[in-house]
Amino acid sequence: MKIGDRAQRNGVSRRLLRYYEEQGLLRPVRLPNGYREYGEPDVAAVRHIRAMLAAGLPTAVIARLLDCVHDDGDRIVPTAWPGMVSNLRR
DNA sequence: GTTCTAACA
DNA sequence: TGTTAGTA
């Protein structure tokens, strides 16, 4: 799925999707032609990112949080990670 | 026609 | 964030 379609389905601009990647919040696969390939996991990630940004969290924190969250389809659930609690506290 | 990077407003 | 330039 190309960035153009991704942008429309997520309701965000292509510029923003590239910006998120720049901040380390997204890791789309790079095609041989240089294009970004987005999958379903990225759709969920964008939802998480937007929610957290709206909550006022800095992108630096969000990048680490994305590694601790899993989307089972319609809700986000914390992934077992020993250091999560202390990290959130910090 | 679409996407890419970098950079400016 | 939008947009533009020059490419691939």
Side-chain angles (χ1 to χ4, degrees):
Chain A
M1 171 171 275
K2 297 192 302 298
I3 193 174
D5 306 321
R6 180 79 308 155
Q8 280 196 306
R9 300 202 191 190
N10 277 326
V12 300
S13 68
R14 308 175 183 200
R15 176 74 175 73
L16 196 51
L17 287 177
R18 297 187 187 115
Y19 176 66
Y20 287 165
E21 180 186 15
E22 200 178 346
Q23 301 306 301
L25 309 183
L26 291 177
R27 284 92 191 210
V29 171
R30 283 306 184 128
L31 270 31
N33 58 3
Y35 286 17
R36 294 175 180 72
E37 172 63 24
Y38 292 92
E40 295 312 309
D42 298 308
V43 183
V46 172
R47 285 206 303 272
H48 300 159
I49 294 167
R50 299 199 76 196
M52 293 191 268
L53 286 176
L57 292 174
T59 56
V61 172
I62 299 177
R64 309 194 60 186
L65 249 35
L66 286 180
D67 294 329
C68 318
V69 171
H70 168 265
D71 193 315
D72 68 7
D74 56 23
R75 66 186 62 191
I76 57 178
V77 46
T79 295
W81 179 48
M84 183 172 75
V85 177
S86 60
N87 260 280
L88 289 175
R89 191 126 51 199
R90 200 186 316 150

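Numbered from 1 within each chain, the chains take letters A, B, ... in sequence-line order.
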Applying side chain to side chain contact (heavy atoms under 4.5 Å, CB included) to A/Arg27 and A/Glu21, what does each step give before you reach the verdict?
CA-CA 6 Å; A/Arg27 284 92 191 210; A/Glu21 180 186 15; over 6 Å; no

Which pairs would a plain distance check flag for residues 2-20 of chain A, meaning a side-chain donor or acceptor within less than 3.5 Å of a matching protein atom at least two apart in sequence or in another chain?
from    : atom 1 : to      : atom 2 : distance (Å)
A/Arg6  : NH1    : A/Gly39 : O      : 3.4
A/Ser13 : OG     : A/Leu16 : N      : 3.0

Using a cut-off of 4.0 Å between protein heavy atoms and nucleotide atoms, how would you tag nucleotides 2-9 of chain B 5' to 3' with B, S and -?
BSSB-B--

Take A/Glu37 and A/Met1, measure what side chain to side chain contact (heavy atoms under 4.5 Å, CB included) needs, and give me the verdict at the end.
CA-CA 6 Å; A/Glu37 172 63 24; A/Met1 171 171 275; 4.3 Å; yes

Can you give me the dot-bracket string for DNA chain B, 5' to 3', counting Watson-Crick and G-U wobble pairs with both distances under 3.5 Å, using [ ] for crossing pairs and | for partners on another strand?
.|.|||||.

What distance do A/Asp42 atom CG and A/Arg36 atom CZ have between them, rounded to the nearest 0.5 Å?
11.5 Å

